[in-house]
Amino acid sequence: MNNAEATIEKFRQLEILSEGDTIIHRCHPLIKLITTIIYLTVVISFKPYEFLNLMPFLIYIVVIKELSEIPITVIWDRLKIILPLIIGMGIFNPFLDANRLMLFNLSLSMGWISFFSLLLKGILTVSAMILLIGTTGINGITYSLKLLKLPNFFLMTFSLIYRYIGILLEEIFRMSTAYSLRSKRHEGIKISAWGSFAGNLLLRTIERAENVHRAMLARGFKGQFYFREYRPVNGFDVAYLLTWSLYFMIFR
Amino acid sequence: MHMADALISPLVGGSMLLTTVGVSAYSIKNLKIDSNDYKIPLMGVMGAFIFSAQMINFTIPGTGSSGHLGGGLLLAILLGPELGFLTLAAILLIQAMMFGDGGLLAYGCNVFNLGFYTCYLAYPLIYKRIVGNAPSERRLFWGCLIAAVIGLQFGAFSVVIETFLSGKTALSMSKFLMLMQPIHLGIGLVEGLITASIVLFLWKARPELILPLERPKRKLNHVIFIGLIVALLVGGMLSTFASDHPDGLEWALEKTLVQSEISQDAEGSVFSKIQSQTAVMPDYKAPIDTERKYVIDLSTGMAGLIGVLFTFIVAILMGIIIRRSKKHIANMKRG
């Protein structure tokens, strides 16, 4: 039942990591976002049998991970969520692919290559994403999205959701702990309580929204949300983007 | 059911991202609310609620396993389709970023699969039709259940199409469908039951939250809007066929639809030529030739293995060098 607790921990962990002060952390958020998007696009553009060509893209992950001091466990925690899905999608390839590969007199299905390249793509894309958030933080991402001209309305909703997730997760954690302590061998919520458990929380949530709105108005809210501002893009940022883009281009 | 970046091709991801931007722009345009409207904090807090409520384990009777809330339909019921869709889009962005669940390039696919079908298809065409203007417990229950199941079936179908067009699985489309649809029927039923329980609870506690909102009719707009979506989707997907480098699609099609044709046409001879030049053991050639198979000989295999090892070593060395130099710099600073 401690899904909520684990999630709170994951949020805190990334928040703390994003406050670091390394060369990658100091790079402009928008530059990091664009570099990551280019990286992801290039990685997923490789064909199923191009396993070897993906290898140079592992170096990007290693370099950024080492420079930004993001622990490998943070990346592994997220990989655990997504890898079963990727394995499920790719595991049929070795059995269904009729093309053969001769290796040391051994005839193997080419499906193994497409399977491992899919797996590697999964690892690379998830790692790149976590390294981006771990070095930029949600505030940095919101600021980049603002620079990319995403509507203010969407950005406000996005940051409000992010800010209230912590509070609601704590509330769910308290409620579910109280529930499981009072129920016999029931870890989850019984069907008879499905509606009232989530419904009560929902009613309190709606009341909370009313209070939040009143508090916002009392503090002079006029529909303008203020986001953390960052310094303008400098020469280092441009060099960072160009170097990586060149690297990706060479190996594509 | 979140699609991962690794499971899509750039073209499919790009087309779906464009489609999602289109639906979002449509949703924002239709809202016409003040920027200091009460709905903004409501969306924020409701989004956080749905996100957090997905962590609750709802025990499924008699199975020992637990189900989870999806949220798209509940958001559409409480906030209306436009706000529901936008809130779900924001939730999915946070999920993709904080958990790597989903991805930046697969973001469009995920918003469409989980948000569009629930908010713009299941909610208006199924839930609202069943519930009508005079909700009752029975109508609310069946409305939630059927809408959740159908919304998720469409979502799962979309996942199959997107994965298939991206060419990431060797499964044939029919087999993939046979695998995905029944699983999501079960998931949809549980999700529908959870949504129905919450809606029925609210119906007893605060019925005004469930009452259908008075909305101006925009039937024609909806038709044009849905037409646009279909056009974008078809356009995006069809361009895969027209492309010079048809990406994984060609690969997927080879596996399923046209395998026998390809094996007999001229392409087979090209491969046999390549093979005759590369094969180490020509005796082994005959059976492979007739079935048109790629052959990578020993030397290529070795080169591949060496390549993998080499890259790993380079990657590890890079890591060590960076660590050492950082320690060195830190020592210099202290010294």
Side-chain angles (χ1 to χ4, degrees), chain A residues 3-4 7 40-41 44-45 48 52 55 58-59 62-63 66-67 78 81-82 86 89 92-93 96-97 99-103 110-111 118 121-122 125-126 129-130 133 151 153 156-158 160-162 164-165 168-169 172 188-191 194-196 198-199 205 208-209 212-213 221-223, chain B residues 4-7 10 28 35-36 38 40-45 47-49 51-53 55-59 61 66 86-87 90-91 93-94 97-101 103-105 168-171 194 197-198 200-202 205 248 251 293-297 301 304 307-308 311 315 318-319 322-323:
Chain A
N3 276 350
T7 313
L40 294 174
T41 313
I44 67 166
S45 71
L52 285 182
M55 296 307 286
L58 193 63
I59 288 174
V62 174
V63 169
E66 285 303 329
L67 286 176
R78 273 74 181 177
I81 304 174
I82 208 79
I86 292 173
M89 291 278 191
F92 300 103
N93 294 5
L96 298 174
D97 197 333
N99 300 314
R100 309 301 293 180
L101 156 79
M102 289 299 295
L103 190 68
M110 287 280 278
L118 189 66
K121 277 181 196 170
T125 49
V126 172
M129 188 74 184
I130 298 308
I133 301 301
F153 181 74
M156 276 199 280
T157 311
F158 178 75
L160 273 169
I161 293 177
Y162 182 73
Y164 281 100
I165 280 173
L168 280 160
L169 279 174
I172 284 183
I189 313 298
K190 273 196 298 181
I191 192 162
W194 282 8
S196 56
T205 305
R208 192 191 295 274
V212 168
H213 187 236
F221 177 68
K222 293 251 176 355
Chain B
D5 279 342
L7 294 175
I28 291 177
S35 47
N36 59 351
Y38 158 67
I40 293 170
L42 183 65
M43 278 172 76
V45 183
F49 167 80
F51 184 100
S52 315
M55 308 294 152
I56 302 174
N57 295 327
F58 294 96
T59 307
S66 51
L86 289 170
T87 310
I91 296 172
L93 191 57
I94 293 174
M97 294 193 162
M98 302 308 283
F99 302 125
D101 193 7
L104 271 188
L105 301 176
K168 301 286 166 173
T169 175
L171 272 179
I194 298 171
S197 317
I198 298 173
L200 286 176
F201 175 83
L202 290 179
W251 182 74
K293 287 170 180 175
Y294 295 93
V295 166
I296 293 178
D297 70 11
V308 173
T311 330
M318 293 280 277
I322 292 167
R323 256 187 212 186

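What's counted below: heavy atoms across the whole structure, side chains too, no hydrogens, waters or symmetry copies. It should be emphasised that the depicted structure is a prediction, and the values quoted were computed from it without experimental measurement. So you know, we letter chains A, B, ... as the sequences are listed, proteins then strands, and number each from 1.
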Undergrad: Where on A:Leu169 is there a heavy atom nearer than 4.5 Å to chain B: the side chain, the backbone, both, or neither?
TA: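 For A:Leu169, the contact with chain B is made by backbone and side chain together.
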Undergrad: So which of A:Tyr162, A:Trp194, A:Phe92 has the biggest tally of heavy-atom pairs under 4.5 Å with chain B?
TA: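 Of the options given, most contacts go to A:Trp194.
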Undergrad: Based on non-hydrogen pairs under 4.5 Å, which of B:Ser197, B:Ala4, B:Ala48 is most in contact with chain A?
TA: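 Ranked by heavy-atom pairs under 4.5 Å with chain A, first place is B:Ala48.
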Undergrad: Would A:Phe158 and B:Leu93 count as a side-chain contact (heavy atoms from CB on, under 4.5 Å) here? Give the steps.
TA: CA-CA 8 Å; A:Phe158 178 75; B:Leu93 191 57; 3.6 Å; yes
Undergrad: Less than 4.5 Å to any heavy atom of chain A: does that hold for the side chain of B:Leu200, its backbone, both, or neither?
TA: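 Nothing of B:Leu200, per the 4.5 Å heavy-atom cut-off to chain A.
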Undergrad: Name the region of A:Val63, side chain, backbone, both or neither, that has any atom closer than 4.5 Å to a heavy atom of chain B.
TA: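 Answer is both: backbone and side chain atoms of A:Val63 are under 4.5 Å from chain B.
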Undergrad: Heavy-atom cut-off 4.5 Å, strictly under: side chain, backbone, both or neither for A:Leu118 against chain B?
TA: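 Looking at A:Leu118, backbone and side chain both touch chain B.
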Undergrad: Please tell me if the side chains of A:Met129 and B:Leu104 come closer than 4.5 Å, counting only heavy atoms from C-beta onward.
TA: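 A:Met129 reaches B:Leu104 side chain to side chain.
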Undergrad: Name the region of A:Ile81, side chain, backbone, both or neither, that has any atom closer than 4.5 Å to a heavy atom of chain B.
TA: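 When you check distances to chain B, only side chain atoms of A:Ile81 fall under 4.5 Å.
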Undergrad: Among B:Ala205, B:Gly47, B:Gly103, which residue has the highest count of heavy-atom pairs closer than 4.5 Å to chain A?
TA: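 Highest number of heavy-atom pairs under 4.5 Å: B:Gly47.
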Undergrad: Locate the shortest heavy-atom distance separating A:Ile133 from B:Met98; write the atom from each residue and the value.
TA: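 Here A:Ile133 and B:Met98 meet closest at CG2-SD, 4.1 Å.
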Undergrad: Would you say that B:Leu105 contacts A:Ile44 through its side chain, given a criterion of any heavy-atom pair below 4.5 Å between the two side chains?
TA: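 Yes. Closest side-chain heavy atoms under 4.5 Å.
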Undergrad: Sort out for me which of B:Ile91, B:Thr87, B:Ile194 touches chain A most, counting heavy-atom pairs under 4.5 Å.
TA: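 Highest number of heavy-atom pairs under 4.5 Å: B:Ile194.
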Undergrad: Specify the closest pair of heavy atoms between A:Ala198 and B:Phe58, including all atoms of both residues, with the distance to one decimal.
TA: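 Looking at all heavy atoms of both residues, the closest pair is CB-CZ, 4.2 Å.
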Undergrad: For the residue pair A:Ile165 and B:Ile94, what are the closest heavy atoms and their distance?
TA: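 Minimum heavy-atom contact is CD1-CG2, 4.1 Å.
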Undergrad: Determine the minimum heavy-atom distance between A:Thr41 and B:Pro10, stating which atoms define it.
TA: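 Closest approach of A:Thr41 to B:Pro10, heavy atoms only: O-CG, 3.8 Å.
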Undergrad: Roughly how far, to the nearest 0.5 Å, is NZ of A:Lys121 from CG of B:Asp5?
TA: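 Reported value, rounded in 0.5 Å steps: 11.5 Å.
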Undergrad: If every non-hydrogen atom of A:Leu168 is compared with every non-hydrogen atom of B:Phe49, which pair is closest and at what distance?
TA: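 That closest heavy-atom pairing would be CD1-N, 3.3 Å.
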Undergrad: Which heavy atom of A:Ile130 sits nearest a heavy atom of B:Phe99, and at what distance?
TA: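 Closest approach of A:Ile130 to B:Phe99: CD1-C, 4.3 Å.
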Undergrad: Could you check A:Ile189 against B:Thr59 for side-chain contact (heavy atoms from CB on, under 4.5 Å), going step by step and ending with a plain yes or no?
TA: CA-CA 5 Å; A:Ile189 313 298; B:Thr59 307; 5.6 Å; no
Undergrad: Quick one, B:Leu7 and A:Met89 - any side-chain contact, counting heavy atoms below 4.5 Å?
TA: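 A side-chain contact exists here, since the closest heavy-atom pair is under 4.5 Å.
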Undergrad: Working to the nearest 0.5 Å, report the span between CG of B:Leu86 and CZ of A:Phe153.
TA: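 Nearest 0.5 Å value for the CG-CZ distance: 6.0 Å.
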